[in-house]
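Please read the structure below before turning to the comments.
Residue numbers begin at 1 in each chain, while the letters A, B, ... track the order of the sequences.
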Amino acid sequence: MIQFYNTLTRKKEPFNPIEKGKVSLYTCGPTVYDEAHIGNFRTFMFEDLLKRVLMLNGLDVFHVMNITDVDDKTIKRAKETAQPLQALTENYTQKFHEDLKWLKMLPADEYPCATHHVSGMIKMIESLIKKEHAYVEDDGSVYFKVNSFSKYGQLSNIKFEDQKVTERIGSDEYSKESAQDFALWKGWKPDDGEVAWDSPWGKGRPGWHIECSSMSMEYLGDHFDIHCGGVDNMFPHHENEIAQSQCHAGSSFVNVWLHSEHLMVEGGKMSKSEGNIYTVSELKAKGFTPEIIRYQLLSGHYRTKINFSLAKKQEGEKIVKRLSEFKSRLESFDLENVTLDENPTIYSEFVKNLSNDLDTPNALAIFFDFMKKMNRQMDKGSIDKEQVASSLYFLDKFDSVFGLIPRTGKVPEEIVKLVRRREQARNIKDWNESDNLRDKIDALGWKVKDTASGSEISKKSA
RNA sequence: GGCGUCGUACCCAAGCGGUCUAAGGGGCCGGUUUGCAAAACCGUUAUUCGCCGGUUCGAAUCCGGCCGACGCCUCCA
């Protein structure tokens with residue numbers, strides 16, 4: 001059984017896809033006005049984990065992630081940097097994809113961008129106006145009438161009567177009937193410059209929320225399984241999406257809403273003034289590998305705040321090394337004529353924990369426990385080949401979810417030669433020569449390890 | 001002001017009323033093994049779960065108060 005904590009109902013509930021064996025998944029993607037930071041990637045990593053766990057359960061996942069390539073921030077940034085909006089957004093979209101790939105995230109099936117789907121959004125807005133859920137203002141903007149949707153506030157548990165009127169609402173530059181109404185369409189203003197589409201209400205551009213409603217329904221239908229994002233998207237973004245979508249299609253829209261908590265950095269919240277916003281490129285420059293970052297982001301539960309810290313780098317390094325060692329140790333067995341059908345029994349325990357609202361901490365604990373047991377048996381020489389085979393199977397499944405084992409690159413010929421020479425030296429017990437060669441190899445960025453079955457070579461992590 | 005989350009060893013992090021004299025990981029220290037090193041393994045590191053009360057036969061787990069950290073309240077993942 002798969003269970004998820006559904007923000008909509010505020011409890012853990014069994015997950016049953018609408019169509020048996022298939023899952024329709026929509027995840028809110030980046031706004032491409034800048035490089036995404038590690039906090040953004042925490043959310044994307046959680047979504048990636050979700051997808052991998054669904055796949056581990058044999059489900060066929062169709063995943064759509066939108067790219068927000070037009071909004072206040074992108075327009076502002078394009079103007080500041082004196083480039084066309086499209087140049088800016090294409091640049092950061094590409095960078096985003098590179099980062100995703102580097103972090104070993106599975107690609108989505110579709111990455112629709114807002115600017116390519118404006119006509120669909122206009123259609124949806126027209127329908128909302130026709131149904132009197134929206135109205136047009138003098139400046140050509142269209143607003144959603146929040147009090148026309150009785151369920152408004154269900155997701156975020158917000159009641160407007162209790163709300164403080166913040167400065168942002170007070171200083172809103174657009175006019176509208178009621179403070180909580182939100183823009184579906186924004187009439188053109190000089191600040192928008194070249195950025196404009198024609199619409200029945202004149203020149204303008206789409207509001208933020210409408211793109212997700214329109215594109216999710218276009219790619220996944222009026223009613224789909226899972227929609228997720230960071231907690232901060234709960235309100236207003238997802239709340240507004242629900243309002244628009246349900247008023248438009250009248251269906252139930254999304255069955256399960258999942259939200260991941262925020263990432264803290266070096267013990268505090270991320271903020272530009274603290275200077276603790278790390279991008280993937282920066283972390284890469286500091287010697288982080290995708291696996292180390294994955295470990296930091298996946299070792300805490302997705303609904304708790306976790307702290308990202310540079311100091312934790314070596315902890316991740318250690319884990320990655322242990323896992324790789326374990327793998328090569330298992331792989332050193334000759335497994336010809338061994339059928340690998342038996343999974344270790346803890347494997348089902350592992351899957352069960354992941355399927356329980358993505359319980360990565362417990363899943364990791366189960367795997368580490370298992371790894372220790374198998375290592376102990378290998379130390380004692382009491383492991384049998386069936387156990388080796390099933391361990392490899394488990395390890396493979398483990399890594400299909402966590403992605404913590406780096407692919408070992410080819411060892412350069414030069415290094416191989418040095419290792420061979422060192423083995424010869426060791427055979428004749430020339431320890432001086434042997435140690436010299438080890439230093440030489442080490443200086444070239446590789447580590448030798450002597451085992452019962454000969455010397456092993458591995459790349460030193462940066 | 002409203003809504004909500006969290007506080008467990010030196011650090012990270014499970015735990016959701018009894019199996020907790022509290023998983024798992026990192027670190028420290030000691031040991032086995034090894035030419036040395038590395039790895040692996042073993043042992044050690046919380047009689048205690050922010051503090052104070054209460055409920056209960058029984059609480060880290062439920063309730064109340066206090067202290068502390070954090071989030072959302074209209075475009076922030």
Side-chain angles (χ1 to χ4, degrees), chain A residues 10 12 27-31 36-47 68 71-73 146 153 156-166 168-169 172 174 176 179-183 186 207-209 228-237 239-240 259-264 267-271 295-296 299-301 303-307 309 311-312 314-319 321-322 324-326 328-329 353 359-369 371-380 426 429-432 434-435 438-439 442 447-452 455-456 458:
Chain A
R10 301 196 177 259
K12 235 185 250 184
T27 62
C28 282
T31 300
H37 55 68
I38 191 66
N40 300 122
F41 284 112
R42 193 228 171 148
T43 298
F44 302 133
M45 189 70 81
F46 137 72
E47 292 160 348
T68 300
D71 82 320
D72 293 356
K73 284 178 299 188
V146 163
S156 51
N157 196 19
I158 278 174
K159 293 189 197 76
F160 280 111
E161 308 84 74
D162 302 334
Q163 298 312 302
K164 195 172 166 179
V165 175
T166 65
R168 269 193 280 185
I169 305 179
D172 198 311
Y174 294 86
K176 48 190 170 182
Q180 65 261 37
D181 290 353
F182 57 90
K186 295 184 168 188
W208 176 35
H209 320 294
C228 36
V231 263
D232 51 329
N233 271 166
M234 232 159 85
F235 188 87
H237 188 51
E239 194 69 62
N240 291 351
H259 294 94
S260 65
E261 248 302 345
H262 272 171
L263 180 80
M264 316 281 281
K269 61 173 172 178
M270 275 192 312
S271 71
Y295 178 73
Q296 267 208 51
S299 57
H301 187 89
R303 281 191 289 116
T304 68
K305 287 188 248 299
I306 55 171
N307 184 32
S309 146
K312 275 202 279 193
Q314 45 91 267
E315 182 173 340
E317 250 163 24
K318 177 79 194 270
I319 299 294
K321 219 182 270 174
R322 278 189 67 193
S324 309
E325 292 280 356
F326 183 54
S328 54
R329 213 177 164 186
N353 273 275
D359 191 349
T360 48
N362 269 119
L364 280 170
I366 287 169
F367 189 80
F368 286 131
D369 237 4
M371 182 161 73
K372 188 180 270 185
K373 265 185 205 123
M374 289 304 117
N375 270 325
R376 201 182 299 149
Q377 289 208 22
M378 285 191 273
D379 279 358
K380 285 194 301 186
R426 290 187 73 236
K429 299 200 191 312
D430 183 351
W431 307 129
N432 266 343
S434 159
D435 290 350
R438 181 162 58 201
D439 288 346
D442 187 86
K447 268 222 157 2
V448 224
K449 188 182 62 154
D450 303 319
T451 70
S455 297
E456 272 177 30
S458 60

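- Across B:U8 and B:A59, the matching C1' atoms stand 14 Å from one another, rounded to whole Å.
- Taking only side-chain nitrogens and oxygens, A:Arg376 never comes nearer than 4.0 Å to OP1 or OP2 of B:A40.
- The gap from the C1' atom of B:U5 to that of B:G26 amounts to 26 Å, rounded to the nearest Å.
- Nucleic acid contact class of A:Ser434 (heavy atoms, under 4.0 Å, all strands): base.
- Side chains of A:Asp450 and A:Ser455: a donor-acceptor N/O pair is present below 3.5 angstrom, by distance only.
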Does A:Ser156 form a side chain to side chain donor-acceptor pair (under 3.5 Å) with A:Glu239? I'd like the steps, not just the answer.
CA-CA 7 Å; A:Ser156 51; A:Glu239 194 69 62; 2.6 Å; yes
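- A:Asp450 comes within contact range of at least one nucleobase, with a heavy-atom separation under 4.0 Å.
- Nucleotides B:C73 and B:G65 have their C1' atoms positioned 26 Å apart, rounded to a whole Å.
- Residue side chain A:Arg42 does not reach the base of B:A77 through any donor-acceptor N/O pair under 3.5 Å, judged by distance alone.
- Ring geometry, A:Phe182 versus A:His209: the interplanar angle exceeds 60°, so the pair is classed perpendicular (tilted spans 30 to 60°).
- Nucleotides B:G27 and B:U61 are separated by 29 Å at their C1' atoms, to the nearest Å.
- Closest approach of A:His259 to A:Gly230, counting heavy atoms only: CD2-O, 3.5 Å.
- Here B:A77 presents its P atom at 10 Å from NE2 of A:His237, a figure rounded to the nearest Å.
- Of the residues near RNA chain B, A:Lys447 and A:Thr43, the one whose nearest nucleotide (by heavy atom distance) lies more toward the 5' end is A:Lys447.
- Interface remark: the A:Arg438 side chain does form a donor-acceptor pair with the B:C36 base, using a distance-only criterion of under 3.5 Å.
- Looking at heavy-atom distances under 4.0 Å, A:Asn157 makes contact with sugar-phosphate atoms alone, never a base.
- As judged by a 4.0 angstrom heavy-atom cut-off over every strand, A:His262 is placed among the base-contacting residues.
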Within the 4.0 Å limit for protein heavy atoms, which parts of nucleotides 11-27 of chain B are touched? Write it as a string from 5' to 3', B for base, S for sugar-phosphate only, - for none.
-SSS--------BSBSS
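- Checked options A:Lys447, A:Lys449, A:Arg329; the residue passing with A:Glu456 is A:Lys449 (criterion: side chain to side chain contact (heavy atoms under 4.5 Å, CB included)).
- Using a 4.0 Å heavy-atom cutoff across all strands shown, A:Asn375 reaches sugar-phosphate atoms only and no base atom.
- Using a 4.0 Å heavy-atom criterion, one finds that A:Arg303 contacts no nucleic acid atom at all.
- Using a 4.0 Å heavy-atom criterion, one finds that A:Lys73 contacts the sugar-phosphate atoms exclusively.
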